[in-house]
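Note on naming: letters A, B, ... go to the chains in the order of the sequence lines (proteins, then strands), and numbering restarts at 1 for each one.
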Protein chains: 2
Amino acid sequence: MRQQKRERHGKILAALGLASNLRVTDLARQLGVSTETIRRDFDELTHAGMLNRTYGGAVSSLGASNTTGAKQDLFHAERQRIAEATVTQVADARILLIGSGATTVRVAQQIAAQLKNITVVTHAFGVAQALANNGTIEVMMIPGLYHPEEASTTGGHAIVFLQSLYVDYVILGASGLTGDGPGSAVPEIAAVNAAMLGRAEKCIVTADRSAFNLHYATRYADWPRVSKLVTDAQPPPALLNTLRKSQVELLVV
Amino acid sequence: MRQQKRERHGKILAALGLASNLRVTDLARQLGVSTETIRRDFDELTHAGMLNRTYGGAVSSLGASNTTGAKQDLFHAERQRIAEATVTQVADARILLIGSGATTVRVAQQIAAQLKNITVVTHAFGVAQALANNGTIEVMMIPGLYHPEEASTTGGHAIVFLQSLYVDYVILGASGLTGDGPGSAVPEIAAVNAAMLGRAEKCIVTADRSAFNLHYATRYADWPRVSKLVTDAQPPPALLNTLRKSQVELLVV
DNA sequence: ACTAAATTGTTGAAATTTCAACAATTGCAT
DNA sequence: ATGCAATTGTTGAAATTTCAACAATTTAGT
């Protein structure tokens, strides 16, 4: 009967692929064994790191939680400081645009906590949901093709929509910062960022130190068009020089 | 106090991003409210299609379809049957519109599992995220004001955007089905639904039996404009009669 | 066939969750 | 301020799960 156990474990894992969460009782009936057997199976599979227990059941440990989890934690504290500093820069805003990325979502959470009675236009799902907490903020979603990895809308519809806007500030993230300008690893996002850039009085770029000197094909702006750069470490000398020449206000937190 | 509720819902959603599964008890202690409050929050967020209940907790609905939990979500199995039946009705579609609600999110999950190379236009975050995994489906988000409780876009921008579309099918949910027509509990959603209705060759309404004879102020359609109704139980006689007179094709699964 | 070990089932009590009904509180409009 | 509606808290009983202990069954090796 040793083999039946392996078979069962395989079935359990397969079932987890179909259903995000399983219940001890259902699985016992489904596989024709007692609930205690399933419970013991869960224990073993949990120990092997294949699933996580819930009260009465189990969920896959391969869920969406760990996709970006580790990466986000890496600069968690830094992003928090960047977000807090960025919010102080837009305290007088009445309407603003916010781009996509881990840092901008953090900024949105800070805005939700500190500002009131403003309007935010965004193409990032995470930003919209972060701002929804605050009942006094109106959130406008930009149309477009949904981009799963960035959880944002992109494409022509997004860019056309932006043409009819003009706001106080635009807050953008960046995965790369070079002498040429800020860039994004995702071309579709870069295109939307570029379109956003022209639609605001002032442009604030936020990025942590990991973006320094990272070069991506899709640069979305020239430095002279950027008003402020908020980051968590002193940029390398060459970049620093370009920033000064381009009159970009630098904020290191 | 309405604001605290939205805040909590946002925190719950955020917590789901960190931990793939949450427990009612933990969340209650963490947010400093009673377990019953969390339970009610879960109910509402489930209705919006943002999460799935487990015994004692909840998991993100972004995973896959959930074949368990008859008692957890009272109409879980029914919704699954409705979703499966609905997909068979649109198997020949090349482009379709999908509305918001727990049932339509489930339909989207089924579509992601079964259809390929189609375009879906939606205003519901949950629908977009459900379809994202299937690499062959193009998802277009409708612009508009973000509505936290329904996790959908609404308002004038959404309705104007819809005017430029014409698709094969539109799939809508309904919180109430009366002799007058299908209705939504949320006026903003009803307005978008009404706008969607005119932009498709055929209109399919999906609703579980709990919607029968529920009357809301915001009816979004007359029955003659509905092509099919997919539900899980025989409607009451009066409604049945109206459906027949209005030539609504009825599908009970 | 026999034994020892592993696996699985059974049972009842304890812990936890759910559910419904009702009370208390809060927010908002008149 | 007053009243109404929405939100939240409280309570106790019912349903469900967990846990530990023990019994029954199956497997593997000799």
Rounded to whole Å, please give me the gap between [atom1] in [X] and [atom2] in [N].
X: B:Arg53; N: D:dT16; atom1: CZ; atom2: C1'; result: 13 Å
X: B:Asp26; N: C:dT17; atom1: CG; atom2: C1'; result: 13 Å
X: B:Tyr55; N: C:dA15; atom1: OH; atom2: P; result: 16 Å
X: A:Arg23; N: D:dA15; atom1: CZ; atom2: C1'; result: 11 Å
X: B:Glu44; N: D:dA6; atom1: CD; atom2: C1'; result: 11 Å
X: A:Leu31; N: C:dT7; atom1: CG; atom2: P; result: 17 Å
X: B:Asp43; N: D:dT7; atom1: CG; atom2: C1'; result: 14 Å
X: A:Asn21; N: D:dT17; atom1: CG; atom2: C1'; result: 15 Å

- Item | Qualifying residues under side-chain contact (heavy atoms from CB on, under 4.5 Å), relative to B:Val160, sequence neighbours excluded | none
- Item | Non-neighbouring partners of B:Phe42 that pass ring-ring contact (aromatic ring centres under 6.0 Å, His included), sequence neighbours left out | none
- With sequence neighbours left out, write down each residue that passes ring-ring contact (aromatic ring centres under 6.0 Å, His included) with B:Tyr220, or none if nothing qualifies. none
- With a 4.0 Å cut-off, would you call A:Asp26 and A:Arg29 a salt bridge? yes
Listing time: all N or O pairs from protein to nucleotides 9-14 of chain C that are below 3.5 Å?
from: C:dG9; atom 1: OP2; to: A:Ser34; atom 2: N; distance (Å): 3.1
from: C:dG9; atom 1: OP2; to: A:Ser34; atom 2: OG; distance (Å): 3.0
from: C:dG9; atom 1: OP2; to: A:Thr37; atom 2: OG1; distance (Å): 2.3
from: C:dG9; atom 1: N7; to: A:Arg40; atom 2: NH2; distance (Å): 2.8

- Item | Pairs meeting criterion side chain to side chain donor-acceptor pair (under 3.5 Å) with involvement of residues 82-94 of chain A, two or more places apart | A:Gln80-A:Glu84, A:Gln89-A:Lys228, A:Asp92-A:Tyr169
Show me the side-chain donor-acceptor pairs of residues 95-104 of chain A shorter than 3.5 Å, one per line, residues at least two apart or across chains.
from: A:Thr103; atom 1: OG1; to: A:Arg79; atom 2: NE; distance (Å): 3.1
from: A:Thr104; atom 1: OG1; to: A:Gly99; atom 2: O; distance (Å): 3.0
from: A:Thr104; atom 1: OG1; to: A:Ser100; atom 2: O; distance (Å): 3.4
from: A:Thr104; atom 1: OG1; to: A:Gly101; atom 2: N; distance (Å): 3.3
from: A:Thr104; atom 1: OG1; to: A:Gly101; atom 2: O; distance (Å): 2.9

